[in-house]
2 protein chains.
Amino acid sequence: MRYIIITMNGLDLAILGLLHEQELHGYEIRRRLRDDLGLFANISFGSLYPALSRLERAGLVVTTIDEGRAGRAPIPLTGSLGGERAVLRARRAGVGRAPSSRRSRKVYRITESGRDQFTRMLEDGAAASTDDDRGFGLRLAFARHLSPRARLRLLEGRRAHLAERLAAETARAGGGGLDPYTRSLAQHASEATERDITWLDHLIESERLGLDDSTSSHVPAPDPATTKGSNP
Amino acid sequence: MRYIIITMNGLDLAILGLLHEQELHGYEIRRRLRDDLGLFANISFGSLYPALSRLERAGLVVTTIDEGRAGRAPIPLTGSLGGERAVLRARRAGVGRAPSSRRSRKVYRITESGRDQFTRMLEDGAAASTDDDRGFGLRLAFARHLSPRARLRLLEGRRAHLAERLAAETARAGGGGLDPYTRSLAQHASEATERDITWLDHLIESERLGLDDSTSSHVPAPDPATTKGSNP
DNA sequence: GTCATCATGTAAGCCGTTACATGATTGC
DNA sequence: GCAATCATGTAACGGCTTACATGATGAC
């Protein structure tokens with residue numbers, strides 16, 4: 001039993017969220033933060049490694065040393081003369097990614113205590129993180145681990161905050177005396193916030209449908225978000 | 001002559017930018033940062049006052065004590081330039097609210113050295129601040145103090161950065177394996193970036209027109225940005 | 001044999017926050 | 001008289017960055 005109290009900032013939460021699915025080593029955690037979540041883009045090692053140590057000291061994760069395992073021969077590294085970097089990339093990044101022998105690395109695995117803490121913090125923050133852009137994004141990225149009710153609270157809280165923000169922004173854009181650049185900036189910002197709100201409204205709506213379907217049961221994977229594409 | 005080297009972070013730049021137009025006291029600077037610029041929303045006094053002291057020590061601003069003057073004394077701080085605007089601003093600052101005597105306050109005025117430093121930093125940063133959202137917003141808000149050329153560089157640099165960001169975001173949104181929430185988030189982010197780019201393209205276009213009009217002359221107030229409204 | 005990439009860390013510092021401390025003036 | 005607002009500051013701390021330090025491996 002560890003009673004170390006941990007502040008649990010955003011980075012810690014994000015790390016536990018990633019480890020919730022599978023064990024990873026530090027370098028790879030950084031890659032996923034960037035490529036998969038898009039949050040904490042290029043977090044520095046000066047933040048990452050101390051965070052991992054902290055989590056370990058707090059007993060929320062445990063580590064095992066993954067010594068260089070060249071013997072498994074998972075990837076024909078030198079053999080391919082095609083020089084297809086894409087193949088390596090895809091392998092490394094995606095599903096078929098076997099741990100190629102590199103330097104010995106520390107593999108982090110979440111503990112039961114870590115899972116508890118993660119869930120608690122995710123729910124606690126959902127109520128209060130509405131005014132923090134990254135905090136909200138982080139919570140939404142892990143929203144599948146929230147109960148339908150908590151999820152709805154998160155979305156509605158965020159919406160309320162954005163409505164306030166929009167009011168301030170339209171006031172600014174509408175007020176006189178600003179030079180063209182500042183005005184254009186303010187106008188663009190208010191339009192962006194409007195779209196954010198519309199987007200949230202869609203999420204909220206489909207969330208409500210999910211709630212009505214199965215009353216008071218907390219299924220983990222309810223309903224796909226609005227699927228409107230804009231890319232080829 | 002002061003030779004104190006100052007790092008000149010965003011807040012310092014914003015303060016000098018506001019003081020560029022008229023002298024102000026600390027509390028009012030904070031209000032304008034929030035209400036007029038929308039940047040550094042609710043900057044804390046724990047940041048603001050030390051910043052002002054720093055600027056004063058560096059000789060970029062000077063202070064005078066504005067002792068409590070209970071008599072109506074309308075706007076004692078109409079600076080030399082931008083007079084007509086200053087009056088309007090001060091009047092509208094509080095609808096019925098003449099700047100009545102409060103506690104004695106320190107009024108900050110920018111020095112010649114401060115103006116030089118401001119301009120230099122604004123131009124220097126214009127080349128490099130493209131990857132910093134707030135840094136860019138700040139520069140654009142003061143873009144009227146930039147030469148048309150520097151302004152164009154600022155906008156184009158930002159555009160290039162956003163194009164990179166968009167590539168990463170569409171890759172994320174398009175890639176498989178994400179849960180609905182994360183995917184929706186990624187998609188929404190990429191759409192927002194697309195709009196940012198479109199907006200920048202309009203700004204760049206009208207900036208180019210301004211350049212063509214008066215070749216190689218650097219007029220301070222060139223061309224109003226695209227004026228398309230979305231609010232009542 | 002040297003460079004790029006993978007991999008893990010520490011130290012110093014910047015930029016901003018909250019909490020604390022003080023005080024004047026206006027309005028109820 | 002008391003609360004709200006205006007007004008100026010200091011102290012402590014948090015989160016993240018850059019720069020520094022080390023080392024293995026594979027590619028050229």
Side-chain angles (χ1 to χ4, degrees), chain A residues 6-15 24-31 33 39-54 56 63 65-70 73 75-85 88-89 91-93 97 99-108 131-132 134-135 138, chain B residues 6-15 24-31 33 39-54 56 63 65-71 93-94 96-108 131-132 134-135 138:
Chain A
I6 193 166
T7 319
M8 201 62 173
N9 56 31
L11 180 56
D12 293 347
L13 190 67
I15 291 171
L24 297 166
H25 60 275
Y27 204 85
E28 175 72 6
I29 287 172
R30 183 177 184 254
R31 216 216 80 236
L33 252 19
L39 298 159
F40 301 95
N42 287 323
I43 187 82
S44 70
F45 295 115
S47 292
L48 179 61
Y49 287 114
L52 287 169
S53 307
R54 210 161 54 231
E56 190 181 8
T63 61
I65 303 291
D66 177 26
E67 284 297 346
R69 52 180 69 224
I75 300 175
L77 292 152
T78 31
S80 65
L81 38 140
E84 286 289 16
R85 233 156 238 271
L88 275 175
R89 285 237 152 223
R91 272 207 173 264
R92 168 174 73 63
R97 179 185 141 281
S100 66
S101 72
R102 285 273 163 196
R103 175 194 180 170
S104 74
R105 43 193 189 184
K106 287 171 80 171
V107 176
Y108 292 85
D131 61 331
D132 169 17
R134 195 167 65 176
L138 187 58
Chain B
I6 192 167
T7 319
M8 203 62 176
N9 56 31
L11 179 56
D12 293 346
L13 189 67
I15 291 172
L24 297 166
H25 60 274
Y27 204 85
E28 176 72 7
I29 287 174
R30 182 179 185 252
R31 216 215 81 237
L33 251 20
L39 298 160
F40 301 95
N42 287 322
I43 186 83
S44 70
F45 295 117
S47 292
L48 179 62
Y49 287 115
L52 287 169
S53 308
R54 211 160 53 231
E56 190 182 8
T63 63
I65 303 291
D66 177 26
E67 285 297 347
R69 51 183 65 224
R97 178 175 142 281
S100 56
S101 68
R102 287 272 164 198
R103 171 194 182 171
S104 74
R105 44 193 189 183
K106 287 172 81 171
V107 176
Y108 292 86
D131 61 332
D132 169 16
R134 194 168 65 178
L138 186 58

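Lettering of chains follows the sequences in order, A, B, ..., and the numbering in each one begins at 1. Below, all heavy atoms of this structure are taken into account, side chains as well, without hydrogens, waters or symmetry copies.
Separating the NZ atom in A:K106 from the CD1 atom in A:I65 is a distance of 6.0 Å, to the nearest 0.5 Å. Rounding to the nearest 0.5 angstrom, the gap separating the CG atom in B:L33 from the CD atom in B:E28 is 11.0 Å. Of the inter-residue distances, the one linking B:Y108 atom OH with B:S53 atom OG reads 5.5 Å to the nearest 0.5 angstrom.
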Any N/O pairs under 3.5 Å between the protein and nucleotides 16-19 of chain D? List them or say none.
residue: D:dC16; atom: OP1; partner: A:R134; partner atom: NH2; Å: 2.5
residue: D:dT17; atom: OP2; partner: A:S44; partner atom: N; Å: 3.1
residue: D:dT17; atom: OP2; partner: A:S44; partner atom: OG; Å: 3.0
residue: D:dT17; atom: OP2; partner: A:S47; partner atom: OG; Å: 3.3

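Rounded to an integer number of Å, the gap from CZ of B:R30 to P of D:dT5 is 13 Å. Rounded to whole Å, atom P of C:dT17 lies 12 Å from atom CG of A:D132. If you take CD of A:E56 and C1' of C:dG9, they are 13 Å apart, rounded to a whole angstrom. The distance from atom CD1 of A:I29 to atom P of C:dG9 is 11 Å, rounded to the nearest whole Å.
Across B:I43 and B:R30, no two heavy atoms sit closer than the pair O-NE, 2.7 Å.
Side-chain contact between B:R54 and B:N9 is present, with at least one heavy-atom pair separated by less than 4.5 Å.
Distances were taken from every side-chain heavy atom of A:K106 (C-beta onward) to each of D:dA7, C:dG9, C:dA7; the shortest belongs to C:dG9. Listed nucleotides C:dA7, D:dT8, C:dG9 differ in distance to A:H25; the shortest reach to its side chain belongs to C:dA7.
When the ring-ring contact (aromatic ring centres under 6.0 Å, His included) test is applied to B:Y27, the partners found at least two apart in sequence or on another chain are B:F45.
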